[in-house]
Engineer: 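The structure follows.
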Amino acid sequence: MEEKSKEEILAERKQRKAAKQLKKKSSNKVVNESHVKDKIKGNLEENLDKMKISQCDNDALKTSNESMSVNPDLMTHFLDNDKKFNFSSNNTSFNNETSSNISISNKECGSGIGNGINTFMESVSDNIKTKSQLKSERRAKQEAQRALKTQKKLDEKNVEQFETSKIKVNKLKTKFTHKIPKTVDVHKVLLFSHLYRNSSIEENNILTNINTEIHKAVLKLGVQYKNKVIIGSNARVVALLNTLKQVIADYRTPTEKDFSRGFEKVLGDVMTYLNNCRPVSVSMTNAIKFLKWHLSQLPNNISDREAQIKLREAIDDYIKEQINMAGKAICIMVQKKISQDDVILTFGYSSLIERILIESFQVGIKFRVIIVDAAPLYEGKELLRRLVKSGLNCVYVLLSAVSYIMKEADKVLLGAHALLTNGYVMSRAGSSQIALIARSYNVPVLVCCETHKFSERVQTDAFVHNELGNPEELMKADLWKSNNNLTPLTLMYEVTPSNLVTAVVTELAILPCTSVPVVLRVKPTSSTLS
Amino acid sequence: MPRVKIYQFYLIKTSILNYREVDGSYNVAVAVVNLFKNLVTQEKWNTAKDLINLIKTCGKLLVKELPLQTSAENMIRRMLKIVRDEYTTACHEQEELDIQESLHKIVTSEEEIDDYSKTVAELKDSILDHISEFHMELETSIENITKEAIKHIHTSEIILTIGKSAIVEAFLKEAAKHRKFEVIVCECSPLNYGHNTAISLSQSKIPTTLITDSSIFGIMGRVHKVIIGTHTVMANGGLRAVCGTHSVALAAKYYSVPVIVLAGLYKLSSQYLISHEDKFNQFISPESVLKYSEGILTSLVHVYNPTFDYVPPELVTLFISNAGGHAPSYVYRLLSEMYHQDDNDL
Amino acid sequence: MEKIGERYSLLSYIREYFCKILHEEKDLSPGIAAIKTLLYVLENDKSETVQELDSNFQTTIDIMRNTDVPVTSVASGCELFLRFITFAKLDYKTFDECKKVMFHRGKIFMKKLTNARGKIAKLASTFITDNSRILVHSKSRLVLKAMEHAVSLHKHFRVFVTYSSLDNSGKEMADELKNIGVPCTVILDSAVGYIMEQVDMVMVGAEGVAESGGIINQIGSFTMAICAKEMKKPFYVLTESFKFTRLYPLNQRDLPNEFKYTSGHLRKDLSKEHPLVDYTPPSFITLLFTDLGILTPSAVSDELIKLYL
Amino acid sequence: MNSKTVNEKLHSKTNVEKENIIQAVVVADSFNKTFAPASHCLALLPLVNKKLLDYTLEWLNIAGVNEVIIFCSSHVNEIKQHLSDKVYLSIDIKVLVSEGCYSFGDVMRALDRYAVIRNTFVLLSVDVIGNFNFVPIIEKFKTIQKNDKEISMMTLFKEIGNQRTDLGNNFIVAYNSENRIIHYHVQNSRNLELPLDVVLEQDFVEIRNDLLNPGLAICSDAVPPLFSDNFDFQTINDFIRGMFMNEEIIQSTVYCEILKGNNYVAKVTNWPMYQIVSQDIVRRWTYPIVPDISEKYSYSKNSIYLKNATFSQGCRLGSDIVIGSDTKLKKNVYVHNSIIGCNCLIGNDVIIENSFIFDNVKIDDNSVIRYSVIGHKCHVKKKCVLEKNCILGPLVTLNAESKINNIALISKTSSSSICKLTSFSDGCYVYENSDSEDEEIASLVCEQKIHENNELSSASEWGSSCSVSSSPINLLDDVNIFYNEVIDSLTRGYEDKLKCENLILEINSSRYAYNVTVNEVNYNILRAILSIQMNQEKPTMKEILQHVDSKLKYFTPILRNYIKNEEAQRDCLPAIEDVVFTSDKLKTISPKIIQFLYDKDILSEEIILSWFDDISKNDVHNVKNILIPFIKWLNEAEEESDESD
């Protein structure tokens, strides 16, 4: 009895850990406690099955461990035979990944088989994910009350994989290819067809990348981007820079080349790879520009050692000045604008806004916050958690209710993805609506945005350059996959016309959006970058 | 109070149909009309005055039973109006039917403050006829509106709609028989009525795109027309429509896309917007916004889940009702034809 | 011969009678006063033919228009009265019974007009919600009445009144409001723009309502309306239906002079005179509260059409 | 015409076939005195200005139920009286009376005697608040019944997530793929005991403790007899447990149904629940059973519900307020998060927070009322101050300027079954809550308490996600997670006094989960124990001392368990450095701590001494001087012991 219960808890712990790892940064994947419960159920069930199959030997611990530990070497086989990629070195680095993947798959099994399978189909491209999807598919099936049968299959599969994972892979590929036309080609909105990313091509890209030496940290980062584990342009750029630091540290210049040349090449590969995982954010491109600029400054005959030190310093400075200090400056400026008993309305989750609100609160300004949230990511919930935790008085509504709640608001604070040269604000989808309604109730709209997010790009609508969300999250796949006339569509970003924005708060000053180009001209770093 | 009991018996029927549903106001309207038909036939009353009181008492109960259904309220008013009309016509044939307060009336009125207490021959029959007449009108209303479809949708248009509305669906499907065009549907979370619309449209071979509420503004730039239903048309031509409609209308205004509202006359209410909460909006359980199982969070935050948006008349381009198309400013006229002022508050 | 004498004496009396009413009942609209006078004329008139009667009315009206009261409502009131005479004329054959009917109707007419205010107050007060802040222009008896009613319903709200430097009537309004226990602040006419973002709604009376649905009211209303629109605040007008006039001003200049200036000023050089009223186009008005119910501006012309066409 | 309509009515009933009539049995008595003295009759206890009974009936009215049987054993007339003028459209109401029922079980047996149950019926007690429709659930029940003739009961659970420690969801239920309950037990510690054999014969088991049990069930007509057969069944839970404890004896099965989404249900078992449920109603989780729909209140922002209440100048309303009809608030009254009944009179400058005030109460000027319940027709005179947990029974009059604090249950009647009374001001009596009753007379939860709970319950979860924000890619390293969890379990253990063995078990499991090395475990255990915060902020030196002392005492077994050898001791000493020396407050009492550990033979003196030498080498926390005396004492002690042998 004692033994048993211990195992249960064990299983729980494992799951919770996985869930926790996943949870960071991606609020749509914030697996709240009760979810975790579900996972526990899922896994528990599996364990029990396992026990049954393994003649009920009470040591679920072993089995469950097995199922955990399987993954990495599974993957090694998988990759080995498929695309001659020496994995052994990376084995360890993938451990975390897999575990977090497990929890992802769990999440999917929540949303039904179809979902599981489809996401599986779409992103077979990405080997690491594939594994997770494989599991997800299986879990999904289990969920569908076919526990025992699948279990057997699973075991068979396992066996197969262990001996000849090649077959497995082929099977997989065939399955994948003949599904493709059905799933991808039909369901495209004409207006956005240029934004759909053809997964087969994507796959190849990534594969080629993997063949060329890409740093394991980068691979990991890529996955984290792709699975929206890391979101928010600040977070993404910080993550990128930290990863690059590792890359730099591990970079050895080939004999014939000199450092900057060689590394620029590496940098290029890295970016293409990351871009394939998820289109890079403006903040990232700016950061890279900056880095390239520093590379170009390096003298040709510089030793790796010095170069690495120089670059690392440069990066640290960038993070410090462009992100942290800038954030601080903005906080101070906005604090002046928040007065006692104000009601601040904000949308989604921007790390900067969070910082502003919490700091202003700690300074002792008494104010209420209205958090507006919306699909696809429902990030607002995460902001809500954090604000409530630090004791702010919050109201939580969905985007559709904003016109009702807006009357109460005194100011609207919005985060931004980028500020374009024509003064338009590129931000998470929905911001424009908030601004629009705010205007119709005469509520001033402040966009908070560090200058490192300013971009030379010019854009007037949400069509030419944008990113599409995962349609499954909008609507259960089995409802529309079969129906050629129905296409769910989710835009990730949109551009808010400058006439809807009262002011932009940057670390330099509070400006009208129209003066973005001026800033770009004045600001030393960015000017030298271009 | 034994009389009340009797009406309650009728009410049981209606009170059961969608207690919490916000949509399906048409069914409610029909149900209510039938209800009152029974009432008129089966109840014992001598003068129009009796009947009016009867209907009012019953109406009050009904409104209490169906808090979300303004169409029920409208129908009650309509019934009263019918009674009054029949009465006045019966009393003095020569007099024109307009018994509204009007300048003209002020000027010409004699002393007669008619309290509908005269007994009139076969008033009952005439009223019943009139009611069944009206019943017909109701039943045909949707089809009358859909008739207009091809006049408003041209080939390869992109049309945006929000939420779920029987009329809009019928309208688009009708148009689809003759024209080829695309429809974009906003899902309109948290209740996601949009999903059903999208599915049913796509099933009748209309290329449909389902978008999140957050994408509305982004996509509006390429939309040619916004065609929406509404829950209620308010006396000033404003809308009381499903949540999110206001943003749609504003976005449409921003890109100067015409907004066409489909509404059967039974959706016209004599209500004005006074406050956004009381008597106007309905706040349903926050569950769909923030799960109760989110735990402690729910007890620390205020979560609002309103059902309706108010859309001011200046954002509406055109109303299409079973009486044809009208500008928002004309709603007032329709109203004065349909309801009697004394019934504005039941 | 003596008939002419009588007529003369009657008409000569009219002016003071009219002024007397206005003087005695402070919060009586000139329009009603005018109608009262006309009724008085109708009552004591000895003329046999309709034409005669008409001419008498005409002269009476002219006399009243030439007194120093704001002429707008007088004009509309009289117009309405004449209209109802004509209706009566149509209905009946002989002059006597016609006259009798006229007088009878006239009484009802008066009664309705006097009840109007209560009705309007009731309608308007429903729009005054708790803790709302209301901006009011100068003095309007109707607005005052509406607020009284609201107070009687235990509603708490606060009022801003423009000083209305034309005749400082804002001050009186403020005092009256204080008497009925409504907290209120007097502001400069020029502060309208500043105050507008704090208020929830604007409530004004009207001296006349044009056929367009726009209103003619004490100078400054137009400014207020523009601000209100810009700040997206509702602009409510409270007015009795007898103030509806058959007049379609295109802009301020198009507004007839006798509306803009008292008869006294009319004789002087207008370029030096300051107008008393301005015209607020319908597009700035949210709703009108009248004894005919709550109307949208478009509904006004509707009413007038019904009456005059 | 009446006759005619009666026929109509009959007709309408007949087309609902006899056997498809859904019956509901409402037990209008809780058989305890939790809510005394505020109300002696549970059914008529007002909740958000409406009687509990009315909630139940209103719910059943829209829940597809046709016939309601109200079963009361006391206050019969009051209840009948109350029902007389109520009209519900779609339900017929029967009132059954049986004196001398002292438990739920008795009621069921009585029910069996009455033999009114025709078919499957809904069984609930009057303090259950809900809003959903039973029809689909009953359908489910019937379908199950087709396959499983044994089914006797289907209990309904509400999913509440497991952060809601305040809802008292202290039970675990296990059920299989057909939702058949295979295990159910009420427990306090977090580890569950589940007989393996039960689990193994299922191919699918779901085990949950994130549920609330509202004591609400769909029962087959076999249930009342079962109660009659087994006299030991007192509650539904007894029944459920009975079912699978001796399944072979009683041939019947219990199923469960998990309520999700809009389906709200909760049971007003005690004052804390009373608070929670009334908040849920005010926050509209019970929609459509909310004041503005069913009682025609007017609803406005911050969940304020008013019904022609009259205010004077300067009244301020916070949020979550319900004020009944014809209540008058005089000048400058401040109300926040409170329920005020009908035609009350609240005097000038009164402050009311987090309180429940029933009908016809009169509160005179300048009184302050917080976290209190005031029964109806009470009169609180000038300048009274009721802080925390004052519960006034009906008709109580408080003299001017009387100040009451903490659990004071005051009532007019001197007769009370639960405990003896001492006389209070004129003709009022204070309940002396004798120790036995302490749990019984649960008092209101005060806000702050709730807050702490969240922080604790959510710290682990949010903590992890927060620490991420700084640098997104760092995965919380296992040790930290481990540490967090240890803190969690210990704090919980410390608060609800769990057995240390269980805690140890938990700690072990998390240790395995995160493959934490022994040394780290030892280190973290002590670190965790020392850094469990205490409840009140800025405590006095003395308090801290007590706190730390009690902690250490309490957790000694755990320490003993882990810190066995010198190795371990060395591991855990740094914890003292990191926790104790870093906080100035603790630093001063560090000798005491060490001494304690020494006395308990957890730390041997050699270790301490050697350690002391190390740290005194480079005295970063400059603790040397503080420790010196203690060390001296140690040395002496040593010498003495040397001399002794």
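Everything quoted here is computed from the prediction, not taken from an experiment. Because only heavy atoms are used, hydrogens play no part in the values below, and waters and symmetry mates are left out as well, while side chains stay in. In what follows, chains are A, B, ... by sequence order, proteins preceding strands, each numbered from 1.
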Engineer: Against chain A, work out which of B:Lys205, B:Glu187, B:Lys253 has the most heavy-atom pairs shorter than 4.5 Å and name it.
Structural biologist: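 Maximum pair count with chain A is reached by B:Lys205.
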Engineer: Count the heavy-atom pairs under 4.5 Å between each of B:Pro207, B:Ser202, B:Pro306, B:Cys243 and chain A, then report the option with the highest count.
Structural biologist: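 Maximum pair count with chain A is reached by B:Ser202.
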Engineer: What part of A:Leu191 is in contact with chain B, defined as an atom under 4.5 angstrom from a non-hydrogen atom: side chain, backbone, both or neither?
Structural biologist: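 Interface part for A:Leu191: side chain.
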Engineer: Tell me, for A:Ile371 versus chain B, whether the close heavy atoms (under 4.5 Å) come from the side chain, the backbone, both or neither.
Structural biologist: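 A:Ile371 has no heavy atom closer than 4.5 Å to chain B.
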Engineer: Heavy-atom distance under 4.5 Å to chain A: side chain of B:Tyr255, backbone, both or neither?
Structural biologist: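 No part of it gets close to chain A.
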Engineer: Give, as side chain, backbone, both or neither, the part of B:Ile158 having an atom under 4.5 angstrom from any heavy atom of chain A.
Structural biologist: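 Just the side chain, heavy atoms under 4.5 Å.
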Engineer: So for A:Val395, is it side chain, backbone, both, or neither that comes closer than 4.5 Å to the heavy atoms of chain B?
Structural biologist: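 Both backbone and side chain.
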Engineer: At a 4.5 Å cut-off on heavy atoms, which part of A:Ala375 comes close to chain B: side chain, backbone, both, or neither?
Structural biologist: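 Both parts, backbone and side chain.
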Engineer: If you measure only the distance, is there a donor-acceptor pair under 3.5 Å linking the side chains of B:Thr70 and B:Ser269?
Structural biologist: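 Short answer, no.
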Engineer: Taking side chain as everything from C-beta outward and backbone as N, CA, C, O, which of these in B:Tyr304 sits under 4.5 Å from a heavy atom of chain A? Side chain, backbone, both or neither.
Structural biologist: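 Both the backbone and the side chain of B:Tyr304 come within 4.5 Å of chain A.
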Engineer: Suppose we screen for ring pair (Phe, Tyr, Trp, His ring centres under 6.0 Å). Which residues come up paired with B:His302, at least two apart in sequence or across chains?
Structural biologist: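 With sequence neighbours excluded, B:His302 shows a ring pair (Phe, Tyr, Trp, His ring centres under 6.0 Å) to no residue whatsoever.
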Engineer: Looking at chain A, which one of B:Val303, B:Val289, B:Ile184, B:Ile199 has the largest number of heavy-atom pairs inside 4.5 Å, strictly under?
Structural biologist: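 Top count of heavy-atom pairs under 4.5 Å with chain A: B:Val289.
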Engineer: Measuring from atom OG1 of B:Thr245 to atom CG of B:Leu315, what distance do you get when rounded to the nearest 0.5 angstrom?
Structural biologist: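 Between B:Thr245 OG1 and B:Leu315 CG, I get 11.0 Å after rounding to 0.5 Å.
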Engineer: What residues of residues 171-183 of chain B sit under 4.5 Å from chain A when only non-hydrogen atoms are counted?
Structural biologist: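 From residues 171-183 of chain B, none sit under 4.5 Å of chain A.
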Engineer: Over 60° means perpendicular and under 30° means parallel, so tell me whether B:His246 and A:Tyr441 are parallel, tilted or perpendicular.
Structural biologist: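 Judged by the thresholds at 30° and 60°, the geometry between B:His246 and A:Tyr441 is perpendicular.
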Engineer: Between chain A and each of B:Asn305, B:Leu250, B:Asp213, count heavy-atom pairs under 4.5 Å; write down the option with the most.
Structural biologist: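 Heavy-atom pair counts peak at B:Leu250.
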Engineer: Is chain A contacted by the side chain of B:His195, its backbone, both, or neither, given a heavy-atom distance below 4.5 Å?
Structural biologist: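 For B:His195, backbone and side chain are both near chain A.
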Engineer: Can you tell which part of A:Leu500 gets under 4.5 Å to a heavy atom of chain B, answering side chain, backbone, both or neither?
Structural biologist: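 A:Leu500 touches chain B through side-chain heavy atoms alone.
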Engineer: Can you say whether A:Arg428 sits under 4.5 Å from chain B via the side chain, the backbone, both, or neither, judging by heavy atoms?
Structural biologist: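 Neither the backbone nor the side chain of A:Arg428 comes within 4.5 Å of chain B.
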Engineer: Taking side chain as everything from C-beta outward and backbone as N, CA, C, O, which of these in A:Phe192 sits under 4.5 Å from a heavy atom of chain B? Side chain, backbone, both or neither.
Structural biologist: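 For A:Phe192, the contact with chain B is made by the side chain alone.
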Engineer: Which class fits the ring pair B:His224 and B:His154: parallel under 30°, tilted 30 to 60°, perpendicular over 60°?
Structural biologist: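 The rings of B:His224 and B:His154 sit tilted, inter-plane angle from 30° to 60°.
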